[in-house]
Structure formats: C-alpha cells, structure tokens
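One structure is given here, and the rest of the page talks about it.
The figures that follow rest on heavy atoms only: side chains count, while hydrogens, waters and symmetry mates do not. All chains are named by letter (A, B, ...) in the order of the sequence lines, taking the proteins before the strands, and each is independently numbered beginning at 1.
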Amino acid sequence: MSSDRPKFYITTAIDYPNSRPHIGTAFEKIGADAQARFRRMHGYDVHFLMGNDENTIKVDQRATELGLGPKAYVDDMALQFRQVWSDLNVSNDDFIQTSEPRHHDGCRKFIQAVYDAGYIFKKAYTGLYCNGCEAFKTEKELENGRCPNHQGQELKRIEEENYFFRLSAFGDRLLAHYRDNPDFIQPESRRNEVYNLVESGLQDVSITRKGFSWGIPVPFDPEQTIYVWFDALLNYITALGYGSDDETRFEKYWPADVHVIGKDITRFHCALWPAMLMAAGLPLPKSVYAHGFVYNKGQKMSKSAGTAIDPMTVYRTYGADPFRYYFLKECVFGGDGNFSEERFVELYNSDLANNLGNLYSRTLSMCVRYFGGNLEGSAAIDPVDWREGLDLDALAAELEGLVGTFEFSQALVTIWSRVLDTANRYVQNTEPFKLIKTDPDATKVVLANMADALRVVAILIKPFLPATAEIFYRAFNFEDAEPWSTVRYPSIARPPMNRPDWTVTAPLADGKPFPLFPKIQPPKES
RNA sequence: GGCGGCGUGGCUCAGUGGUAGAGCAGCGGUCUCAUAAUCCGCGUGUCGGGGGUUCGAUUCCCUCCGCCGCUACCA
C-alpha cells in the first residue's frame, strides 16, 4: 500500500463545542476541503484532519448545566459537528476529539519530552481570580476593578504554582525560521504581524492549571492539568498517533503541509506552536494559512425586519454545493467576506443556474432530442471547435497555481469566464438548434464539442462542487474513457484516447434532464 | 499611542505615471436548444478630501478624514 506518492497533511483548527458550527467555521472547513480534494485529484496521498477542542473549563460548566457528564456532552456535540461537516461534503479523513485517549497519551508524551529538555519550569503565579469565570483575569480585562462579566463579585488574589513553558527562549530561532521560510506564514499580510510580534519579545507562558478534574493531568505532577492552548495545538500530532504504540502514521504524515486556521489564532500557530515543536525536537509544519472571517451582513439587516435566516440552514434548502460555491467564490479566502441572502440568491441564479446548470440542460436536451442521446460516431470527432482560442494546457497550469495557493475565488472566476462563457458562446455561435434542420452531421459535431465542454467543466469544478462535478461527469459515459477517480486538471487539455461514442447517461424525465439549480425567486425588498 | 492595510461606477472588486476596467444588478436588442436561460450592445464614475513632485497621477510623496487588522497566555 505504501507508495511514492507525495503526502499532503492538511488540518483545520479544532472547534470549541460550546456552540453549533457557524458560517465562520464552515468557511474554514470548506476552504480546507477544496484544497484537500484538489490535492487528492493530483496524486497526493492526502490526510485531512479536523476535530473538536474539548478540554476547556467552559465545556465542563456547560455539561454540568445540562446535567450531563462532560464526556457525554462533548461526544454529543462532536456527533452534531460531524453531521454538519458531512452534510457539507467535507472530506476529512479523521476527526479528533481532544478528550480521546489517543490525545491524552500524545499530550503526556509531548509535555514530558519538553520537560525533559528543560523548557518547562515551575513558577508561582499571582493573579486576580474570578469565581464566576473560574479563570484568572488580567489587569487589562478589568472594568471598575472587577470582572466585566461578574461585576457583583470581588476578585480574589490567588497565588498558585503553575508550570511555564520557556517560550522566551525561542524568539531568535523563530525569527530565523520566518526568514528562511518565507512561505511559512500565509497569506503574506499576516507575515509581518507575526514577525513584529516575535521581534518585540516573547514571554514565558503558563501551560498548566491546578484544581481541575476535566483535562489532561500533567505526567510529572498529577495535581495539575495541561492548559487548553498547550494541549489543543497538539491535536495535529496526537491524531497521527504520536505517543501511541504505533507511530507510523505520525512518521509518514508529519510535518503538516498546511494548518488552515482563522486569522485570530495566527500567533498561536506561528509562534507558540513552532516553539513547542522546537522544544520537543520535532519538525515544524511547512506552512500556516490564516483565512479571514465571514460576517453575517444580511442577517444583521434582516433581523430587525423579522426575516432573519440562519445561513447555516441554507445548505439544507439549496444543497451543499451552492453553499460551498458562495463562500469559495464570494469570499476571498485570505480576506474577510460577507454573507447575505440577497447576494447568495444573486450568485446562485447567475453563476449556478444561468451559466453552469443551463449549459448542462441545453447540452443534454439537444443530444436527446436530436439523436436520442446517442452521439454515434462521436468517438471520431475531435472536439477542437469549442476550444478554439482556449489554451487548456495553460489554463490547467494557471488554475493549479491558484488553487494550490488557496486563491479559490480567482480560480472560480477564471473557470467561469474562460470555460463556461466560452462554451455558452460556442453554442450561440454555432446554433445547433438551427443546424439540425439542414445538417445533422454538423450538428453532431457541435454536440460532441459541447459534451467535451461538460467533461472539462466537471473536472475543473471537482474540488469545489464535488456533487455537481460528478453529476456533470455522469451526464455522458465519460467514465468509460477515463475513470472519475483519476481525472486531473491536465486531463482537460485533450479528450481521452480510445474514447467510445458519447451517450447521454444522465437521469431524464420526459426526455429532459432535471434542473440542477432551480432558480430562486429573489427575496422581496421590504 | 506604535506598526500595517484599506477607501475606484448601485453592489463586489481588478488595475496602470500618460484617453478609467471586469462580474453582478439595471436598460435595450437577439436567438429559441435550455431553468424567460444564452448571445450582442449600453456606464459623462470628482478613482475618500487637500497639497506636492511631474510635461502629465487614480497610479509617487506629504497631510487630513473615514474604516479595519495586529499590538504576547485563555481559539
């Protein structure tokens, strides 16, 4: 089973199970998924990890409120998260919960290794403790000298011995690493932020807490548990079996090729995490990609009008692909974006219904109507006509560059403008619906070209709209020429060798294909 | 406060030292295979305000206004 295929290990941030998945977290998973699917298509041995972050005090509190044990609570939440990701067609290979034994085992091994290396020390920590939050507060957080969330309570000055990680020892090494690996932090705009931060000097950080039962006990001092941030980052290696009896997967996939995270947690991933790995003597991830946030603009506006819709219900109504398309096209991955129902409908109708879905419909309809679905002799037709002016080799290469660097929006814009528009224009210019009256053979040539266009589109949208892509590919018997599982972007450049005559294999009703994206009536202005 | 970014037609954005561009929306036309889709045509926008450099700036510099990010422990 082992192969010489290059491996590609991609992760997303693990989520707090305090609340349900929202558009922000969905944005991250969808982007990572597009990348994972793209890499799989192109021969990488991909391992795609997601998970939930469960060793927090709040989880314990919330579970208690619900009258549940913390484990029962997080397991139930994990089930719900996994269901949403599955509904969105997110193709993660693994899902780790940090309450799992494999995570605990790995964390213990890791913290012990860092301890043995001399980067962990015990220090008395004095701080203002809020009973309401069960947490220490910094001076900055206070309002009127009290916790902003619990103004009725006095803060207690508590002195506690905690273990600290000697983060301060890694500043120079981190800076050197950023310099030697310019692609470590992406996108570019995040790079200076982190660099400035580290350059300004790092402080040692407390990495354990005393007196909590929910969490991972420190192996060299069982009265303490590992503080959530220190353990959370470790999911990227514990999920691979680090610290277990069998570390072959860890050895195979680590270091990660990219950690996909939100921009708010950049510093943890670009400073703390690499320092932790250095301390433990492990290789550093190759890159960290910090995506932007998606704001729920439409929600805010319509809330007062009483017509609020939860964007997370959109995929249930319109399907996962339109949902995915919206975020991948409308929101530049490295920057911030907005969700609004109005914009969703606009994009859905214009890009998906009018361009993509309609090309599918008109192609199949004419094939069925004029030739009973069988383009006899089409194997001998070289579909060069619709491609005139298109350099598909160059296009494939250009798109590979864009997708590989998370420029999904630009990639989709390019596919639509260069391929879909070209195909629709080709139909308009050749007018097969007129040609059929005078020259069936010429018409067949046009339709064979259109079939080829569908094949090309199917391949190009595969990482983004996996369900639609497959429907396109199954519209004709393309599978007989090249299996869907092995198509790659370069496959678009030329039709498969030894292809059969194309035959419509799409499901039909009354000789017509089903509308892939039924138009949505625009929401009424109020 | 410091560092960085942004402010371009209704919306989302691209762009260059030398007559301002795209997509969507809108308007008009066309075709009829198709989900009233496609295709063609249509935008006199002070390129945030002001100043400067220049033969000439939206593009370079300064300043002002507005918005945003980061500014080290709890996603």
As a test of reading the structure: which of [options] is closest to the side chain of [X], going by heavy atoms?
X	options	value
A:Arg362	B:rG69, B:rC40, B:rU38	B:rU38
A:Asn358	B:rC33, B:rU35, B:rA37	B:rA37
A:Val205	B:rC33, B:rC73, B:rC24	B:rC73
A:Glu431	B:rC31, B:rU35, B:rC33	B:rC31
A:Lys434	B:rC70, B:rC31, B:rA34	B:rC31
A:Tyr370	B:rU35, B:rC33, B:rC73	B:rC33
A:Ser365	B:rA34, B:rC24, B:rC70	B:rA34
A:Arg369	B:rC70, B:rU38, B:rC33	B:rC33
A:Ser350	B:rC24, B:rC31, B:rU71	B:rC24

[X] [atom1] to [N] [atom2]: how many Å, rounded?
X	N	atom1	atom2	value
A:Leu272	B:rC73	CG	C1'	9 Å
A:Asn429	B:rU32	CG	C1'	15 Å
A:Tyr360	B:rC33	OH	P	20 Å
A:Phe517	B:rA36	CZ	C1'	19 Å
A:Gln203	B:rU71	CD	P	13 Å
A:Asn424	B:rA37	CG	C1'	9 Å
A:Asn354	B:rA25	CG	C1'	13 Å
A:Gln410	B:rG15	CD	C1'	12 Å

Next item on the list: Using the ring of A:Phe121 (Phe, Tyr or Trp, six-membered ring only), decide whether A:Arg166 places NZ or CZ under 6.0 Å from its centre and within 45 degrees of its axis.
Entry: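 Here A:Arg166 passes the 6.0 Å and 45° test against A:Phe121.
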Please state the [atom1] separation for the pair [N] and [M] - nearest whole angstrom.
N	M	atom1	result
B:rC62	B:rU54	C1'	15 Å
B:rG17	B:rC13	C1'	23 Å
B:rC11	B:rC73	P	39 Å

Notebook entry, point to check: Between A:Lys329 and B:rG23, is there a side-chain N or O to OP1/OP2 distance below 4.0 Å?
Noted result: no
Any salt bridge between [X] and [Y], counting N to O under 4.0 Å?
X	Y	result
A:Lys123	A:Asp204	no
A:Glu193	A:Arg267	no
A:Asp221	A:Lys210	no

Note to self: Judged by each residue's nearest nucleotide on RNA chain B, which is more toward the 5′ side, A:Leu197 or A:Asn192?
What the structure shows: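 Upstream on the strand: A:Asn192.
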Note to self: Need to verify one output field. Residue with the more 5' nearest nucleotide on RNA chain B, A:Lys512 or A:Leu202?
What the structure shows: A:Lys512
Note to self: Under the side chain to side chain donor-acceptor pair (under 3.5 Å) test against A:Asn55, which residue among A:Thr225, A:Asp231, A:Asp60 passes?
What the structure shows: A:Asp231
Notebook entry, point to check: Under 4.0 angstrom, heavy atoms only, what part of the nucleic acid is A:Ala353 near: base, sugar-phosphate, or nothing?
Noted result: base
Margin query: Parallel, tilted or perpendicular, judged at 30° and 60°: which one describes the rings of A:Trp416 and A:Tyr325?
Written below: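 Rings of A:Trp416 and A:Tyr325: tilted, as their planes differ by 30° to 60°.
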